[in-house]
Every structure is written in structure tokens, then in C-alpha cells.
Number of protein chains: 2
Amino acid sequence: MGRWEPDAVGRLRAAAVDLYVEKGFDQATVTDIAERAGVTPRTFFRYFADKREVLFSGSVDLQKAVVTALEEAPETATPYEAVWAALEAASTMIGQNHDWSRMRNEIIMANAELQERELIKLAALAAAMAEGLRVRGVKEPDASLTAEVGIAVFRVAFGRWVAGPANRKLTRTMRQCFDRARALI
Amino acid sequence: MGRWEPDAVGRLRAAAVDLYVEKGFDQATVTDIAERAGVTPRTFFRYFADKREVLFSGSVDLQKAVVTALEEAPETATPYEAVWAALEAASTMIGQNHDWSRMRNEIIMANAELQERELIKLAALAAAMAEGLRVRGVKEPDASLTAEVGIAVFRVAFGRWVAGPANRKLTRTMRQCFDRARALI
DNA sequence: TACAGTCATGTCAGCAAGTGACATCAGCAC
DNA sequence: GTGCTGATGTCACTTGCTGACATGACTGTA
């Protein structure tokens, strides 16, 4: 046993999410969160760059999965097909937990600052995908265009999935949007 | 003559942009800006919701132009073609002033918070475009997909144009990316 | 001419986010 | 036991942003 209760990060994360749901993101102060986690506000900012970041710790793994999928996609795949591999990998990760996704999404949609953070994470994902495509030999502007379109598809598909019934598969919705985009463009 | 110098908003905007360039967005405090504009910090927040918003006052007009273009696009146009009309209108507005766009873009790219704001404005633009398409009778998810892809094209094209030489036409770059997306997807 | 109302701005007090510098002290290595 | 390390606490501070109220030039009207 350490000097303090272990897993301060875990307690902070849990406390934050609880409070964001209970009182709303704006009303939940860092002091509240820290207090509930049995810790000082200063400690909160040691683990999370800011109040929003609590909800985005998963984005690192997501980005890794996406990049890996791009690397492992068959050499013969077109850029858009390679992007599909990335979207599929992302869907598999996120699609596991419809409940969590829905709750998290509700918190985010209720607050503009959180939407901003969500968007910049997706922009970073797009940038990573574009880089992954460039590694595959795709030139600009093709790499960026394909990656950005991929993220566009992701956004729409995720939005539909998260608003729909829990038993629907994200991968399925993603594929439908992916194909539909192809038909529309 | 009023009790104070006229056009406080204009002075605030100018002072803010100047200082963002001179010292960087983070280092420029609202107190600085207000002081240079000969006004109280409180007044700054009467005109701008926050420190970032100064750089985004044009987005209202942009959105109007886009929506109008969608309304006026020929009935026979496919969704993607209607989106082109919107992108063209946006390009015509923004493409006028390469210097201003480049400076503004440099300020924004140097700061994550500003990029977040830029992204949410673009997301709002996408939402407005999707709504415009729905008005045209396009169903979901087609409306959202087409609109989001349109914004993806816009992002890439704008990025290329703003980084390129001043005499290049935004509309041209936009069209190239628009067509290239069609080829890639 | 006086009077009332309005509008842009000032004044002031205050909260919450976020940061830097330094203190503390359990546990571990040696 | 000595000394180091790492996680947390403590404190003081800056900055963004807000609410409530004050001020006084301008405008319209009787």
C-alpha cells in the first residue's frame, strides 16, 4: 500500500464522467471532481491536460489501430479500400460498447467545447490516415482527400449508429455509409 | 460624435489580429487587446463571445452564401453537384483575399484552440449544407454524407490554396479537389 | 426647455481553469 | 540507515469570462 489510495487516475476519470452526467460538463468543476476522487485539483491537471481531455483518453489507441490497419492493408488495395480497412478497425474498437459510446456522445453533444475537442481528435485521425496513405505511396492531394473523406464517412456512420438500437453493428453501418458515399460522389 | 470613439468593434478586431500576429495568440491577453483598442476588457466580451471568436466573424456570411447557393442550384443537379455550387460560392467569397486568408490561417495553425474553433465552424457549415440538401429532397444518410464529403474537399482544397502562390484561384483548386475526390472514391 | 428613456461603455467583484515552484513522505535500492 | 524517486499536496498566481450595477451622451417628445 502506497501513501495514498491507488489508481488516482481511475478514480478521477470515473468521478469526472459521473459528474459530467449528473450536473453537466460546465457545472462540474475540477474542484468537484477532485474532491469526489479524494484528491487535489492540482492532481487532476497532472493526469489530464484539461477538463475535456478526460473523455478522450481512448483516442491514442484508436489512432494506433487505424494506422496499423493501413499498414497491413494489401498492397493492391486502392486508397479508398485501404481507408476501409482503417474504418473497419476503428469500428471494431469502438463498436464493442454501445452503452458507453452513447453516454459519452450525449455528454459531448451537450457541450460545444467538447465537440470542438472531438473534432480536433478526428482531424488528427484524418492526418494520421493521410500519412499512412502517403507511406503506402499515395501522393497528395489524393492521400489527404481520401483520408478526409474517410473521416467524413466515419462521422456520419458513428452518428447514426450511436443514435440507433444497441444491437446494431457499427461495422455494418460504417460499411453502408462507405458504399453509399461511393455511390453519391 | 458619441461619448466615445466610434467603431469599438472594429478597433478591437484590428487590435486583436495585430497582437495575435505580434505576440502569438496565447501571449496576447484580452487586457492587451482592450488597451490597444482604447476600451475596457469587459467591452471586448460584449462583442466577442471569447478570445477566439474575433477570427471567425466571417463564418456567418460564409454559411449564408453556401445555403443560398444550395437553394439556387438547378433542381436537376445531383446532391454532389449541388454541393459543388455551394463550394464554388464559398470559394468566391474566401478566394478574394489570399493575403488575409494566409495570415489568418497562420495564426490559426499555430494554436490548437483556434483549430478547434475552426473545425466546429466547418462542422456547422457541413450541418447547414446537409440541411440545405434535405430541403432539396435528399434523404439521410445521403444528405449528411454528401455534405461532409463536401467539407472534406473544402478543407483539403483550402489548405493547398492558402499554402500556394497568391495568384492561384481558389475556385480552381477547389474544382480540382472536387473532381479528384470523385475519381478516388 | 426639460424630462425620460436607451444604448454603449465603464466599474467592480468574483469564479473557475490552468500553471509553476516547492514541500512532503512512503517505498525502494544499495 | 542513507539517499533517491515518484506521486501527491500546498500555495500563490495569471487569465478568461460573467453578473450586477453605474454613468452620461444622445434622442425623442411634450
Side-chain angles (χ1 to χ4, degrees), chain A residues 1-57 107-108 110-118 120-121, chain B residues 1-57 107-108 110-118 120-121:
Chain A
M1 275 266 297
R3 187 171 166 199
W4 297 277
E5 291 294 305
D7 195 25
V9 208
R11 273 176 296 141
L12 278 168
R13 204 185 327 266
V17 173
D18 284 356
L19 283 167
Y20 294 168
V21 171
E22 275 176 39
K23 324 168 69 167
F25 179 79
D26 278 335
Q27 273 55 52
T29 71
V30 172
T31 309
D32 290 340
I33 298 168
E35 197 170 336
R36 181 168 300 198
V39 110
T40 309
R42 191 67 184 87
T43 296
F44 178 92
F45 290 108
R46 287 210 177 84
Y47 288 105
F48 305 102
D50 59 54
K51 212 181 137 187
R52 293 177 280 169
E53 201 58 25
V54 186
L55 293 168
F56 296 92
S57 42
I107 302 177
I108 292 176
N111 185 277
E113 286 179 68
L114 288 171
Q115 288 167 55
E116 292 186 344
R117 179 58 53 86
E118 174 96 320
I120 208 171
K121 295 288 182 184
Chain B
M1 274 262 300
R3 186 169 165 201
W4 299 277
E5 291 294 306
D7 195 25
V9 208
R11 273 176 294 140
L12 278 167
R13 204 185 327 266
V17 173
D18 285 356
L19 283 166
Y20 294 168
V21 171
E22 273 176 39
K23 325 169 69 169
F25 179 81
D26 278 335
Q27 272 55 52
T29 72
V30 173
T31 309
D32 290 339
I33 298 168
E35 199 169 336
R36 181 168 299 198
V39 112
T40 309
R42 190 68 183 85
T43 296
F44 178 92
F45 290 109
R46 287 208 178 85
Y47 288 105
F48 304 102
D50 60 55
K51 210 181 138 187
R52 292 178 280 169
E53 201 59 23
V54 187
L55 293 168
F56 296 91
S57 42
I107 302 177
I108 292 176
N111 184 277
E113 286 179 66
L114 288 171
Q115 288 167 57
E116 293 186 344
R117 178 58 54 86
E118 173 97 320
I120 208 171
K121 294 290 182 185

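Here is the naming used below: chain letters follow the sequence lines, and residue numbers restart at 1 for every chain. From a predicted model like this one, the values you see are computed outputs, not experimental measurements. The figures here come from the full heavy-atom set of this structure, side chains too, leaving out hydrogens, waters and symmetry mates.
- Straight-line distance from the CG atom of B:Asp32 to the P atom of D:dC17: 14 Å, rounded to whole Å.
- The side chain of B:Phe45 approaches D:dC17 more closely than any other nucleotide in the set D:dG9, C:dA17, D:dC17.
- Counting non-hydrogen atoms of other residues, nucleotides and ligands closer than 6.0 Å to CD of A:Glu35 gives a total of 12 or fewer.
- Rounded to a whole Å, the CD atom of A:Glu35 is 12 Å from the P atom of D:dG9.
- When each of C:dT24, C:dA17, D:dA25 is scored by its nearest atom to the side-chain atoms of A:Arg3, the top-ranked nucleotide is C:dT24.
- Nucleic acid contact for B:Thr40: base, since at least one base atom lies under 4.0 Å from a heavy atom of the residue.
- When each of B:Arg46 and A:Pro41 is assigned the nucleotide of DNA chain C bearing its nearest heavy atom, the one mapping closer to the 5' terminus is B:Arg46.
- OP1 and OP2 of C:dA8 both lie 4.0 Å or more from every side-chain N or O belonging to B:Thr43.
- Using a 4.0 Å cut-off between charged nitrogen and carboxylate oxygen, A:Glu22 and A:Arg36 count as a salt-bridge pair.
- Within the 3.5 Å criterion, the main-chain N or O of B:Ala15 finds no donor-acceptor partner in the side chain of B:Asp18.
- What separates CZ of B:Arg117 from P of D:dG16 is a distance of 14 Å, to the nearest Å.
- For the pair A:Phe44 CZ and D:dG9 P, the computed distance is 14 Å after rounding to whole Å.
- Nucleotide D:dT8 holds its C1' atom 15 Å from the CZ atom of A:Phe48, rounded to whole Å.
- Rounded to a whole Å, the CH2 atom of A:Trp4 is 13 Å from the P atom of D:dG6.
- Here A:Thr31 does not reach the OP1 or OP2 of C:dA16: none of its side-chain N or O atoms lies under 4.0 Å away.
- Nearest to the side-chain atoms of B:Arg42 among the listed nucleotides C:dT19, D:dG19, D:dG16 stands D:dG19.
- For the pair A:Leu12 CG and C:dA17 C1', the computed distance is 15 Å after rounding to whole Å.
- With contacts defined as side-chain heavy-atom distances shorter than 4.5 Å, the pair B:Leu114/B:Phe56 qualifies.
- Here C:dG20 presents its P atom at 12 Å from CG of B:Asp26, a figure rounded to the nearest Å.
- A salt bridge links A:Glu53 and A:Lys121; the closest N-O separation between the charged side-chain nitrogens and carboxylate oxygens is under 4.0 Å.
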